[in-house]
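First the structure, in the form of structure tokens, and then the observations on it.
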Amino acid sequence: MKVSDFRRIALSFPAAEESSHMGQPDFRVDGRIFATLASAKQGYGNLMLTLEQQTASSRKCPKSFSQSQVVGDAWA
């Protein structure tokens with residue numbers, strides 16, 4: 001997926017806004033980050049999903065999703 005497509009989809013959510021965190025683009029609703037382009041140079045975007053959503057997404061589309069390391073209920 002192109003960065004422009006990721007950005008377009010992220011901003012299509014109601015009340016979504018683009019901002020930045022540590023110099024990298026992110027997307028927020030009500031001030032909470034739900035997606036970032038922090039890894040765009042590596043060829044992917046990041047979605048902030050629950051562990052259950054990560055598991056379901058990576059099982060349904062293993063070539064498109066990979067799970068990040070989660071420690072307790074925090075992102076590592």
Side-chain angles (χ1 to χ4, degrees):
M1 173 180 292
K2 295 179 183 177
V3 168
S4 59
D5 292 329
F6 188 95
R7 179 176 274 115
R8 178 182 49 78
I9 292 167
L11 291 173
S12 72
F13 288 91
E17 299 177 326
E18 185 170 349
S19 188
S20 68
H21 178 70
M22 298 179 67
Q24 300 299 321
D26 67 35
F27 304 91
R28 303 169 186 236
V29 171
D30 294 328
R32 294 189 58 141
I33 298 172
F34 70 90
T36 77
L37 284 168
S39 301
K41 289 182 181 177
Q42 289 83 11
Y44 56 92
N46 303 22
L47 299 173
M48 307 315 169
L49 305 173
T50 66
L51 184 56
E52 293 79 17
Q53 290 169 322
Q54 287 184 52
T55 300
S57 297
S58 62
R59 284 184 181 154
K60 186 173 183 178
C61 302
K63 292 182 180 180
S64 298
F65 289 92
S66 64
Q67 287 182 268
S68 63
Q69 182 180 354
V70 178
V71 178
D73 62 353
W75 296 94

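All values derive from a computational prediction rather than experimental measurement.
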Query - Heavy-atom pair of closest approach, residues Glu18 and Pro25 - result: OE2-CB, 3.7 Å
Query raised in the report: Do you know which two heavy atoms are closest between Ser19 and Arg28, and how far apart they sit?
Result: CB-NE, 3.5 Å
Report task. Return the minimal non-hydrogen interatomic distance between Phe6 and Gly45, and the atom names on each side. Result -> CE1-CA, 3.8 Å
Requested in this report: Find out if a path of hydrophobic residues (ILVMFWY) with successive side-chain heavy-atom gaps under 4.5 Å connects Val3 to Phe27.
Outcome: yes
Report summary line: For Ala16 and Ala10, the nearest pair of non-hydrogen atoms, with its separation, is CB-O, 3.3 Å
Query - Shortest non-hydrogen contact from Pro14 toward Val29 - result: O-CG2, 3.9 Å
Report task. Output yes when a side-chain donor or acceptor of Thr50 lies under 3.5 Å from a complementary backbone atom of Gln53, and no otherwise. Result -> yes
Query raised in the report: With hydrophobic residues grouped by side-chain heavy-atom distances under 4.5 Å, do Leu37 and Met22 end up in a single group?
Result: no
Query raised in the report: Do you know which of Lys2, Arg8, Arg7 makes salt bridge (charged side-chain N to carboxylate O under 4.0 Å, His left out) with Asp5?
Result: Arg8
Report task. Give the minimum heavy-atom separation between Ile33 and Met48, together with the two atoms involved. Result -> O-CG, 3.6 Å
Query - N/O donor-acceptor pair under 3.5 Å between Ser58 side chain and Thr55 backbone - result: yes
Query raised in the report: Among the clusters formed by ILVMFWY side chains lying less than 4.5 Å apart, do Leu49 and Phe34 turn up in the same one?
Result: yes
